[in-house]
Amino acid sequence: MAGMSPLFRRKAAPHERLITLVRKPGCHLCDDAQQVIEKVSGDLGVPFELKDITQDKALHDQYWEQIPVVLVDGEQHTFWRVNEERLRRALTD
């Protein structure tokens, strides 16, 4: 549905959305971000996945200086610190 006018785009149901957390082991900001994502995901019924930047060269090259990085439906939403209310709005608006 990318590229479609917002007038013709249907709103995706929560279970059709996806939150991705790009993180690395031993990262306290990543742990904090994961807690927020788990809460929002559980409340809204939105699935999430974790990606380890140390296991994926493309993610490493793209996001190394920004981790943790949160993607919503494959597009960068935020990095470093996750604001719970902002994430909720991105998933429900």
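Atom set for the values below is all heavy atoms of this structure, side chains included, hydrogens, waters and symmetry mates excluded. The model shown is predicted, which means the values in this text are computed figures rather than measured ones.
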Working note: Val70 + Phe79, criterion side chain to side chain contact (heavy atoms under 4.5 Å, CB included); need CA distance, chi angles, decisive distance, verdict.
CA-CA 6 Å; Val70 177; Phe79 61 96; over 6 Å; no
One should read off an interatomic distance between Gln62 CD and Ile67 CD1, to the nearest 0.5 angstrom, of 13.0 Å
* Asked: Below 4.5 Å, heavy atoms only, C-beta onward: do Asp31 and Arg23 meet side chain to side chain?
  -> yes
- Can you find a pair of side-chain heavy atoms, one from Val82 and one from Asp32, that are under 4.5 Å apart? no
**Prompt:** Cluster question for you: counting only ILVMFWY and a side-chain heavy-atom cut-off of under 4.5 Å, with indirect links fine, are Val36 and Trp80 together?
**Reply:** no
Side chain to side chain, Phe48 and Leu71, heavy atoms closer than 4.5 Å = no
So CG of Asp43 and CG of Leu91: to nearest 0.5 Å the spacing works out to 11.0 Å
Notebook entry, point to check: Does any non-hydrogen side-chain atom of Arg86 lie less than 4.5 Å from one of His77?
Noted result: yes
Taken to the nearest 0.5 Å, the spacing of Thr20 OG1 from Gln76 CD works out to 11.5 Å
Distance col, row Leu50:CG vs Gln34:CD, nearest 0.5 angstrom, shows 4.5 Å
Checklist line | N-O pairing of Glu84 and Arg88 below 4.0 Å | finding: yes
Main-chain N/O of Val46 paired to Ser41 side chain as donor or acceptor, under 3.5 Å:
yes
*Side chain proximity check, Pro68 to Val22, heavy atoms < 4.5 angstrom*: no
d(Lys51 NZ, Tyr63 OH) to nearest 0.5 Å is 10.0 Å
### Message
Please tell me whether Leu21 and Leu44 are part of a single hydrophobic cluster in this structure, the criterion being side-chain heavy atoms less than 4.5 Å apart.
### Response
yes
May I ask whether Ile37 and Leu18 are part of the same hydrophobic cluster, defined by side-chain heavy atoms of I, L, V, M, F, W, Y residues being less than 4.5 angstrom apart, directly or through others? no
On a heavy-atom basis, the closest approach of Ile53 and His60 is CG1-CA, 3.3 Å
Interatomic distance, OG1@Thr92 vs CZ@Arg17, rounded to 0.5 Å, equals 8.5 Å
